[in-house]
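Source: prediction; values computed, not measured. Atoms within each ligand, like the ligands themselves, are counted from 1 in listed order.
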Amino acid sequence: MANVTVIGAQWGDEGKGKIVDWLASRADAVVRFQGGHNAGHTLVVGEQVYKLSLLPSGIVTGTLSIIGNGVVLDPWALKAEVEKLEGQGVSITTENFAIADNCPLILPVHRELDGLREGAAGSGKIGTTGRGIGPAYEDKVGRRAIRVCDLAHLDHLEPQLDRLCAHHDALRAGFGEPPIDRAGLIEALREIAPFVLQYAQPVWKRLKKVRKAGARILFEGAQGVLLDVDHGTYPFVTSSNTVSGTAASGSGLGPSATGFVLGIVKAYTTRVGSGPFPTELEDDTGQRLGERGHEFGTVTGRKRRCGWFDAVLVRQSCAISGVTGIALTKLDVLDGFETIKVCTGYRLNGKVLDYFPSHAADQAAVEPIYEEMQGWQETTAGARSWADLPAQAIKYIQRVQELIETPVALVSTSPEREDTILVRDPFQD
Ligand code: GDP
Ligand code: IMO
Ligand code: MG
C-alpha cells in the first residue's frame with residue numbers, strides 16, 4: 001500500500017492540511033480530487049502560516065502537486081492563491097504543479113447564484129461558503145460546464161455557452177437579475193486562459209507514469225464525510241463526494257490507488273454552517289473549546305460551532321469511507337478539562353440508536369448518550385511521542401479508538417508540522 005488517501009471524518013476542518021503537509025515530504029505527488037476553494041487548509045511551519053484553499057498542501061514542501069478532474073476550479077481564485085503563496089516564498093512552477101484539463105470551472109455566475117439562493121432560502125439556508133461550489137457542480141452534471149480544456153478553444157465555445165446561458169438566464173430572471181454578459185465572460189476567460197493553461201494537462205497520464213515508477217501518491221481530501229452529498233447530513237452538505245473512493249474517480253486512477261485511508265478526526269467536534277449537530281454545546285464549555293481550538297473558519301472567518309466528541313458519527317464515517325486508521329488531531333485543546341464527555345449512542349423516540357439516521361428531522365431530534373471520562377491537567381501541547389502523554393490522555397485515545405472501531409495511526413498535538421506522534425506509518429502499510 002504505497003499510497004495514502006487523507007479524508008476528513010467529521011464536518012471538515014479536522015486538520016487535514018497539517019497532516020498532509022507532514023506526510024508530503026515522504027510522498028512523490030499530492031493530489032486534490034474533489035471540492036474547490038471552499039476548503040481552507042492551514043499549515044504551520046515555524047513562524048510561517050500558509051492558508052491553502054485550492055492548491056494541494058504538498059506545494060509548500062515542493063512536492064509535485066496536482067489538481068484532479070474532480071475539483072471545481074475558480075481560475076481567478078487560483079491565480080490569487082498562487083500569487084499569495086509565491087509572496088510567501090513558495091515556488092509554483094509547471095514542474096511541480098499541474099491541473100487536470102478536464103476540470104470544470106467555477107464562473108462568476110456560479111458565485112452570484114450561490115449568494116442569490118442562500119439569500120432567498122429563509123430557514124432552509126445551508127450556510128455555504130459562497131464560493132459557487134454547488135452551482136458549478138450542478139453545471140458539470142448538467143453537461144453545460146466550461147472546463148479547463150475549453151480555455152484553449154474559446155472560439156468554439158458557442159454551443160456550450162448557449163447551453164449554459166439557456167439554463168442560467170432563466171434562473172437569473174427569477175431573481176430579477178440580468179442575463180449573463182456573454183461577451184464579458186468570454187473576455188474574462190480569454191484574459192485568464194494563459195495563466196491556467198500553462199499548468200493544464202491530462203493528469204491521469206502523469207499520475208499513471210508516477211505510479212508505474214513506484215512512487216507514493218498522497219490524496220488530499222477536502223471537507224469531511226458528514227458533508228458528503230450522499231452520506232452527509234443532507235441537505236446541509238457540500239456538493240461533492242468527500243469519501244475516500246472519490247480519490248480514484250476524481251484523479252483518473254483506479255480504486256486500488258487509494259491505498260491506506262487516513263481519516264482525520266478532531267478530538268472533539270466542530271461544524272460551520274447550518275445543519276444538525278447532536279453534541280453541540282451552546283454553553284461555556286462550547287465557548288472554551290472554540291477559544292482554545294481557535295475555531296474560526298479559514299475561508300469565511302465564521303465562528304465554528306463546537307461540541308464533544310461524537311463516536312457514533314466518526315464510527316459511521318470510518319465505515320462508509322473504509323478508513324484504515326485515523327489521525328487524532330487537536331488533543332491539546334482538551335488539556336485542563338476536569339471531565340470530558342464522549343457521545344456513544346443516541347436516543348430517538350424512546351429508542352437507542354447506534355447510528356446517525358438519514359432524515360434531517362431525525363438527525364436534529366436525536367439526543368446524545370454520553371460517557372464521562374476524567375480529564376488531565378498536564379499539557380499535551382507539542383508532545384511528539386507517546387511517552388510525553390499523560391496517562392489519562394492515553395486512556396482517552398484508547399477509548400476513542402475502541403468506540404470508533406478503527407485504530408489510531410497518528411496523534412497531533414499542536415498546529416506545528418513536527419508536533420505529531422506517529423503510531424503506525426500509513427506509507428508503510
Ligand atoms: P482542515 O480544513 O482539515 O485542513 O483544517 P483547518 O486548517 O481548517 O483547521 C484546523 C486548524 O487547527 C488549523 O488552524 C490548524 O493549524 C489547527 N491544528 C491542526 N492540528 C492541530 C493540533 O493538533 N492542535 C491544535 N491546537 N491546532 C491544530
Ligand atoms: P475544509 O476542507 C468545513 C461547509 C459550509 C456549508 C456546506 C456547504 O477546510 O475542511 P459549500 O460552499 O461547500 O457549498 O458549503 O459545507 N463547508 C465546509 N466546512 N470545512 C470545509 O472545508 C468546508 N467546505 C464547505 O460551511 O455548511
Ligand atoms: Mg478547513
Side-chain angles (χ1 to χ4, degrees), residues 6-22 32 34-45 49-54 56-57 71-72 74 106 110-111 113-115 117-118 125-138 220-229 232-240 242 263-268 270-277 289 291-305 327-335 379-384 410-421:
V6 165
I7 53 132
Q10 291 154 318
W11 277 294
D13 303 325
E14 300 91 348
K16 296 177 291 295
K18 166 180 166 159
I19 301 296
V20 169
D21 170 59
W22 188 77
R32 276 281 308 267
Q34 48 71 231
H37 66 311
N38 49 349
H41 297 177
T42 313
L43 284 54
V44 181
V45 187
V49 179
Y50 305 95
K51 290 177 189 280
L52 307 178
S53 286
L54 250 179
S57 295
V71 169
V72 279
D74 180 324
I106 300 183
H110 295 132
R111 190 173 4 95
L113 184 59
D114 196 350
R117 280 185 179 152
E118 283 283 274
K125 190 177 152 105
I126 287 163
T128 72
T129 60
R131 299 295 190 267
I133 304 295
Y137 273 116
E138 286 171 36
E220 177 177 11
Q223 292 81 52
V225 175
L226 298 169
L227 289 169
D228 181 282
V229 68
T233 45
Y234 195 90
F236 303 100
V237 292
T238 191
S239 295
S240 65
T242 60
I264 314 300
V265 175
K266 208 178 272 195
Y268 49 100
T270 63
R271 165 162 216 177
V272 260
S274 330
F277 181 171
L289 284 170
E291 279 165 17
R292 287 189 52 86
H294 303 288
E295 297 296 354
F296 292 91
T298 315
V299 175
T300 56
R302 285 178 295 176
K303 201 171 167 196
R304 297 176 183 149
R305 299 154 66 192
L328 189 69
T329 63
K330 304 193 91 159
L331 182 70
D332 54 297
V333 174
L334 296 180
D335 291 354
T379 176
T380 65
R384 294 184 183 184
L410 299 169
V411 179
S412 167
T413 57
S414 102
E416 172 63 40
R417 179 191 278 166
E418 298 302 330
D419 291 338
T420 306
I421 302 171

Which residue and atom name correspond to the protein heavy atom nearest atom 6 (P) of ligand 1, and how close is it? Gly40 O, 3.5 Å

Trace of the side chain to side chain contact (heavy atoms under 4.5 Å, CB included) decision for Arg305 with Trp11: CA-CA 10 Å; Arg305 299 154 66 192; Trp11 277 294; over 6 Å; no

Should the proximity of Phe236 to ligand 2, defined as any heavy atom under 4.0 Å, be assigned to the side chain, the backbone, both, or neither? neither

Any idea which part of Asp114 is under 4.0 Å from ligand 2, heavy-atom wise: side chain, backbone, both or neither? neither

Can a non-hydrogen atom of Ser239 be found less than 4.0 Å from any atom of ligand 2? no

Partner set under side chain to side chain contact (heavy atoms under 4.5 Å, CB included) for Tyr234, not counting sequence neighbours: Val229, Val237

With carbon and hydrogen excluded and only N/O/S kept, which atom of Asp13 is nearest the Mg ion (ligand 3)? OD1

Gly12 near ligand 1 by a heavy-atom separation under 4.0 Å: no

Could you tell me whether some N/O pair between Ala222 and ligand 2 is separated by less than 3.5 angstrom? no

Under a 3.5 Å cutoff, is there a donor and acceptor pairing between the side chains of Thr270 and Asp13? no

Run the contact test for His294 against ligand 1 with a 4.0 Å cut-off on heavy atoms, strictly below, and give the result. no

Just by distance, with hydrogens left out, do Ser57 and Lys16 show a side-chain donor and acceptor under 3.5 Å apart? no

Out of Thr238, Leu227, Thr270, the nearest non-hydrogen contact to atom 4 (C) of ligand 2 is supplied by Leu227

Within the structure, is a non-hydrogen atom of Gly8 found at a distance of less than 4.0 Å from ligand 2? no

contact_flag Arg304 ligand 2 heavy-atom lt 4.0 Å: no

Just to confirm my output: which protein heavy-atom neighbour is closest to atom 4 (O) of ligand 1, and how far is it? Gly17 N, 2.8 Å

Atom 26 (N) of ligand 1 sits nearest the protein heavy atom Asp332 OD2, 2.7 Å

Where does Thr413 meet ligand 1, judged by heavy-atom distances below 4.0 Å: at the side chain, the backbone, both, or neither? backbone

So, Ser412 and Lys18: side-chain donor and acceptor under 3.5 Å apart, yes or no? yes

Give the residue and atom name of whichever protein heavy atom lies nearest to atom 13 (C) of ligand 1, and the separation in Å to one decimal. Thr42 CB, 3.7 Å

To the closest 0.5 Å, what do you measure between OG1 (Thr242) and CG (Leu226)? 8.0 Å

Do ligand 2 and Glu14 have nitrogen or oxygen atoms that lie under 3.5 Å from each other? no

Should Asn38 be counted as touching ligand 2, given the test is an N or O pair under 3.5 Å? yes

Quick one: does Arg304 get an N or O within less than 3.5 Å of an N or O on ligand 1? yes

Indicate, as side chain, backbone, both or neither, the part of Arg271 found under 4.0 angstrom from ligand 2 when only non-hydrogen atoms are considered. neither

What protein heavy atom lies closest to atom 20 (N) of ligand 1? Include the residue and the distance to one decimal. Ser412 OG, 3.5 Å

the protein heavy atom lying closest to atom 18 (N) of ligand 1 turns out to be Pro415 CA, 3.9 Å

For atom 17 (C) of ligand 1, the protein heavy atom that lies nearest, with its residue and separation: Lys330 NZ, 4.0 Å

Checking a contact table here: which protein heavy atom is nearest atom 10 (C) of ligand 1, and how many Å away? Asp13 O, 3.8 Å

Quick look: Arg131 vs ligand 2, heavy-atom contacts under 4.0 Å, and the answer is neither

Gly12 backbone or side-chain N/O/S under 2.8 Å from the Mg ion (ligand 3): no

Closest protein heavy atom to atom 23 (C) of ligand 2, given as residue, atom name and distance to 0.1 Å: Gln223 CG, 3.6 Å

